[in-house]
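Report on the structure given below.
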Amino acid sequence: MDFDEIIERRGTHCSKWDMMEASYGVPSGTGLAMWVADMDFRAPDCVQRALERMLDHGIYGYFGDDGAYRAAIRWWMRTRHGWEVDEDAILSTNGLVNGAGLCVQTWSDPGEAVVLFTPVYHAFARVIRAAGREVRECPLAIRDGRYEMDFDAWDGLMQGNERIAILCSPHNPGGRVWTEAELRGVGAFCARHGLILVSDEVHHDLVMPGRRHVPAAVALPDHAERLVMMSATTKTFNIAGAHVGNVIIHDPALRRAFSRTATATGTSANAFGLHMATAAYSAEGAAWVDALMRYIDGNRRLFDAAMAAIPGIRSMPLEATYLAWVDFAGTGMAPMEFIDRVQTGARIAANHGATFGKGGESFLRFNLATPRARVAEAAERLQAAFSDLQ
Ligand SMILES: Cc1ncc(COP(=O)(O)O)c(C=O)c1O
């Protein structure tokens with residue numbers, strides 16, 4: 001576990017580094033890629049060994065008998081998250097954007113609406129709109145510098161055609177670990193408006209030392225008939241290219257409905273993803289994640305301190321994820337100006353806040369899952385790009 005090792009990713013068909021110039025105009029030779037949410041770290045040895053076993057065997061046929069995969073998920077959820085999962089409740093997909101898309105198809109019709117608590121992970125809105133559904137944006141409130149739920153305001157935004165709410169827990173961007181009380185509030189909100197609650201918990205393992213993620217199913221035992229939980233090994237272990245995710249549904253009627261859509265679309269996870277995920281959910285994987293989060297916490301402290309030293313710029317305090325959510329509102333600059341300073345001046349590719357929906361306009365999202373030397377370099381470049389504010 002040498003998280004300080006700089007591993008060259010350019011020229012490997014890597015979205016974050018090889019698409020940076022086309023997407024942001026940031027030169028691939030000297031730019032820093034801090035956008036796409038994957039990490040610049042090698043996956044843990046237990047995952048590497050699982051792939052090596054496949055390579056040694058050399059036959060890449062269809063996967064069957066996912067008993068070990070389900071048992072690994074059950075073990076992980078119990079030991080890491082205090083959640084008892086019924087193995088029959090686990091369905092696998094080609095990842096969680098796929099999972100979200102299948103949920104939208106299953107529980108809403110074209111013209112109906114899906115609730116998002118914005119700003120939030122941009123692919124949700126993309127999937128919803130591409131399916132001909134409306135996005136009902138419910139903006140999160142900022143109190144004491146962090147996001148909070150705003151149920152009174154949200155009740156007033158409902159128009160009656162909402163069918164589903166997608167919650168991102170922990171929250172991307174913004175890094176909140178929602179409390180049990182907040183999750184109960186979301187459950188009550190969904191019950192008031194007759195919504196299926198899809199809880200995307202892909203960041204569930206990426207919590208800062210001392211924090212604890214509460215699965216929606218643990219906080220909401222009385223809402224099983226409306227609850228769909230999504231999780232994956234892909235963010236945790238940096239294997240997003242394996243495109244594998246879990247949709248966990250304890251309610252039999254909900255599960256049947258989801259399975260029908262999955263069958264109708266021919267959805268099934270790939271063998272590489274299933275082998276890697278099974279190996280990742282292990283004691284060795286757990287030790288790796290613990291070390292990873294201690295390292296990310298160090299990166300976050302370095303980066304946040306550097307941002308706090310620039311007048312008008314501040315990072316939200318991260319309780320989870322490796323994605324720094326940085327507000328430029330205090331600079332008084334229009335988005336075009338601060339984006340230009342970051343991309344052209346600092347040569348950093350970071351996600352534009354507006355793509356995350358209402359409330360994101362004055363922000364940029366910086367990926368800190370990279371060796372510390374790069375975070376330090378990014379911090380220096382940003383300080384130089386905004387040095388006139390000092
Ligand atoms: C909340 C959330 N859900 C889903 C995904 C992507 O999931 P997948 O790669 O399994 O489609 C991301 C990636 O950043 C995410 O942040």
Side-chain angles (χ1 to χ4, degrees), residues 14-16 19 23 33-40 43 69 73 90-105 114-128 130 135 140 147 164-178 186 197-207 213 215-216 228-248 262 265 267-270 272-274 276-277 280-281 296 318-325 349-353 355-357 360 363 365-370:
C14 151
S15 165
K16 185 159 76 172
M19 298 304 292
S23 303
M34 301 182 85
W35 56 304
V36 178
D38 68 20
M39 307 195 261
D40 295 330
Y69 173 70
I73 293 172
I90 302 169
L91 303 153
S92 48
T93 62
N94 309 130
L96 296 192
V97 175
N98 177 221
L102 293 169
C103 289
V104 168
Q105 302 284 344
V114 179
V115 173
L116 295 182
F117 308 109
T118 62
V120 74
Y121 176 52
H122 38 69
F124 293 151
R126 191 174 69 218
V127 162
I128 294 164
V135 177
L140 292 158
Y147 285 124
I164 304 168
I166 304 181
L167 175 72
C168 189
S169 174
H171 189 70
N172 165 23
R176 276 300 314 281
V177 173
W178 303 119
V186 174
L197 173 58
V198 176
S199 183
D200 179 334
E201 303 187 15
V202 74
H203 296 280
H204 63 335
D205 295 312
L206 301 172
V207 296
H213 166 74
V228 174
M229 193 278 199
M230 305 202 300
S231 76
T233 46
T234 47
K235 289 285 141 188
T236 311
F237 298 100
N238 204 27
I239 54 175
H243 272 289
V244 62
N246 320 308
V247 178
I248 304 178
T265 52
T267 303
S268 72
N270 73 76
F272 294 92
L274 291 165
M276 291 162 87
Y281 274 167
I296 300 277
L318 285 186
E319 299 167 356
T321 83
Y322 47 71
L323 304 163
W325 186 236
N351 293 85
H352 298 181
T355 59
F356 295 80
F363 289 82
R365 195 191 71 175
F366 293 84
N367 183 333
L368 303 181
T370 198

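All ligand and atom numbering here is 1-based and tracks the order in the structure. What you see is a predicted model, and the numbers here were worked out from it, not measured in a lab. Residue numbers start at 1 and run along the sequence shown.
Only the side chain of D200 comes within contact range of ligand 1, with a heavy atom under 4.0 Å; no backbone atom does. Contacts between V97 and ligand 1, counted as non-hydrogen atom pairs separated by less than 4.0 Å, involve both the backbone and the side chain.
Atoms of ligand 1 lying under 4.0 Å from at least one heavy atom of G95, given by number and element, are 10 (O), 11 (O). Residue contact check: A37 has heavy atoms under 4.0 Å from atoms 14 (O) of ligand 1. Every atom of ligand 1 with a heavy atom of C168 under 4.0 Å away is listed here by number and element: 1 (C).
Nearest non-hydrogen protein atom to atom 12 (C) of ligand 1 is Y121 CZ, 3.3 Å.
When all heavy atoms of K16 and V36 are compared, the closest pair comes out as CD-O, 3.3 Å. For V244 against A277, the heavy-atom pair with the smallest separation is CG1-CB, 4.4 Å.
Looking at V202 next to ligand 1, no N or O pair under 3.5 Å apart turns up. Of the polar atoms of N94, none of the N or O atoms is found under 3.5 Å from an N or O of ligand 1, judged by distance alone. Annotation: H203 places an N or O atom under 3.5 Å from an N or O atom of ligand 1; distance criterion only.
Considering only heavy atoms from C-beta on, N270 comes within 4.5 Å of H243 through its side chain. Residues L116 and I128 meet the side-chain proximity criterion, which asks for heavy atoms closer than 4.5 Å. Residues N367 and M39 form no side-chain contact, since every pair of their non-hydrogen atoms from C-beta on lies 4.5 Å or further apart. Taking the side chain as every heavy atom from C-beta outward, V202 and Y121 never approach each other to under 4.5 Å. H204 is not listed as a side-chain neighbour of P215, based on a closest heavy-atom distance of 4.5 Å or more. Counting heavy atoms from C-beta outward, I239 and F272 have side chains that stay 4.5 Å or more apart.
A donor-acceptor contact shorter than 3.5 Å links the side chain of H171 to the backbone of P119.
Using a non-hydrogen distance threshold of 4.0 Å, H243 does not register as a contact of ligand 1. Residue contact annotation: K235 has a non-hydrogen atom under 4.0 Å from ligand 1. A232 does not count as a contact of ligand 1, since none of its heavy atoms falls under 4.0 Å from the ligand.
For atom 9 (O) of ligand 1, the nearest protein heavy atom is 4.0 Å or more away.
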